[in-house]
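Values in this document were obtained by computation on a predicted structure and should not be read as measured data.
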Amino acid sequence: MLVPVVRSLRAELGKERADAIVKHALRDWSKALFAAVAESVEGSPRRKWAAMQTALTEITEREVTVEMHRHDKEALEFDVTHCRFAEFFRALGEPELGALLVCATDFDIVTAGGNEVSLTRDQTLMQGAPSCTFRYRFAPRP
C-alpha cells in the first residue's frame with residue numbers, strides 16, 4: 001500500500017525530498033512503536049530486547065534462511081542468506097523502502113536493550129549483498 005503513496009510523493013516533490021519525508025516518518029513511527037512494545041515487557045532492557053527478538057523470530061522464521069555462527073552469553077551472530085521480504089521489495093523496485101520498513105526495525109528493537117545489547121550489520125540482502133550480517137553483542141551481566 002505504501003509504494004503508490006511513495007511514488008506519488010516522488011512525482012510531486014522529487015525523489016530526494018519525498019524519500020527523505022518517508023524515511024523520517026517511518027523511522028519515527030517504528031521507534032515509537034517498538035519503544036511502546038518494550039514498555040509493556042517487564043524486566044531488564046536485555047529481557048525486553050529478548051522478548052521482542054523472540055516474537056520477531058517467530059513471525060519471520062518461515063520467510064528467511066539463517067546460518068548461525070555464534071549464540072552464547074556474550075554474542076549472537078548469524079547471517080540471513082535468503083529473505084522473502086528482500087525478494088518482494090526488490091521485485092517492486094523499492095529496496096530502499098524495504099530497508100526502511102523491514103531492515104531498519106532491527107535497530108529500533110535493539111534500542112529496547114539499552115546499553116545491554118548492541119547490533120552491527122554491515123550488509124543486507126535488501127541492498128544487494130549476498131547476506132545480512134547480524135552481529136549482536138551483550139554487555140556482561142553483573
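The shortest distance between side-chain heavy atoms of Leu9 and Asp19 does not fall below 4.5 Å. Contact annotation: the side chain of Arg62 never approaches that of Arg84 to less than 4.5 Å [non-hydrogen atoms, C-beta and beyond]. Looking only at side-chain heavy atoms (C-beta outward), Phe134 and Leu76 stay at 4.5 Å or farther from each other.
The nearest pair of heavy atoms linking Thr124 to Cys132 is CA-SG, 3.6 Å. Of all heavy-atom pairs spanning Ala139 and Asn115, the tightest one is CB-O, 3.7 Å. In terms of heavy atoms, Ala86 sits closest to Met126 at CA-SD, 3.5 Å. Nearest heavy atoms, Met52 versus Phe34: SD-O, 3.8 Å. Shown here for Leu13 and Ala18, the closest heavy-atom pair between the two residues is CB-N, 4.3 Å.
No donor-acceptor pair under 3.5 Å is formed between the side chain of Glu74 and the backbone N or O of Pro140. No donor-acceptor pair closer than 3.5 Å links the side chain of Arg10 to the backbone N or O of Val5. Lys48 places no side-chain N or O within donor-acceptor distance of the main-chain N or O of Ala112, the cut-off being under 3.5 Å. The closest donor-acceptor contact from the side chain of Glu77 to the backbone of Arg70 lies at 3.5 Å or more, if one exists at all. Between the side chain of Arg27 and the backbone N or O of Leu100 there is at least one donor-acceptor pair closer than 3.5 Å. With hydrogens and angles ignored, the 3.5 Å screen pairs no side-chain donor or acceptor of Thr60 with any backbone N or O of Glu63. Using modelled atom types, one side-chain atom of Thr133 and one backbone atom of Asp122 make a donor-acceptor pair closer than 3.5 Å.
Val64 and Met68 fall within a single hydrophobic cluster, where Ile, Leu, Val, Met, Phe, Trp and Tyr side chains are chained together by heavy-atom contacts under 4.5 Å. Under a hydrophobic clustering in which Ile, Leu, Val, Met, Phe, Trp and Tyr are joined whenever their side-chain heavy atoms come within less than 4.5 Å, directly or via other members, Leu119 and Val41 fall into different clusters.
Distance check, rounded to the nearest 0.5 Å: CZ of Phe78 to OG1 of Thr65 gives 12.5 Å. Expressed to the nearest 0.5 Å, how far CG of Leu125 lies from SG of Cys83 amounts to 6.0 Å. Considering NZ of Lys15 and CZ of Arg7, their distance stands at 10.5 Å, rounded to 0.5 Å. Interatomic distance, Thr105 OG1 to Leu56 CG, rounded to the nearest 0.5 Å: 6.5 Å.
Using a 30° and 60° split on the angle between ring planes, Trp49 and Tyr136 fall in the tilted class, from 30° to 60°.
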Inset, instruction - Any chance you could lay out the side-chain contact (heavy atoms from CB on, under 4.5 Å) test for Thr111 and Lys31, step after step, and finish with the verdict? - result: CA-CA 8 Å; Thr111 300; Lys31 288 175 186 178; over 6 Å; no

Inset, instruction - Would you check, one step at a time, whether the test side-chain contact (heavy atoms from CB on, under 4.5 Å) holds for Leu2 with Leu26? - result: CA-CA 11 Å; Leu2 191 55; Leu26 289 174; 4.0 Å; yes

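Counting non-hydrogen atoms of other residues, nucleotides and ligands closer than 6.0 Å to CZ of Arg47 gives a total of 12 or fewer. In the displayed structure, His69 atom NE2 is contacted under 6.0 Å by more than 12 heavy atoms of other residues, nucleotides or ligands. Residue Arg137 qualifies as enclosed at atom CZ: its count of foreign heavy atoms under 6.0 Å is above 12.
Under the side chain to side chain donor-acceptor pair (under 3.5 Å) criterion, Asp106 pairs with Arg121, sequence neighbours left out. Annotation: ring pair (Phe, Tyr, Trp, His ring centres under 6.0 Å) contacts of Phe85 (sequence neighbours excluded): none.
With respect to Lys23 and Asp28, no salt bridge is recorded, no charged nitrogen being found less than 4.0 Å from a carboxylate O.
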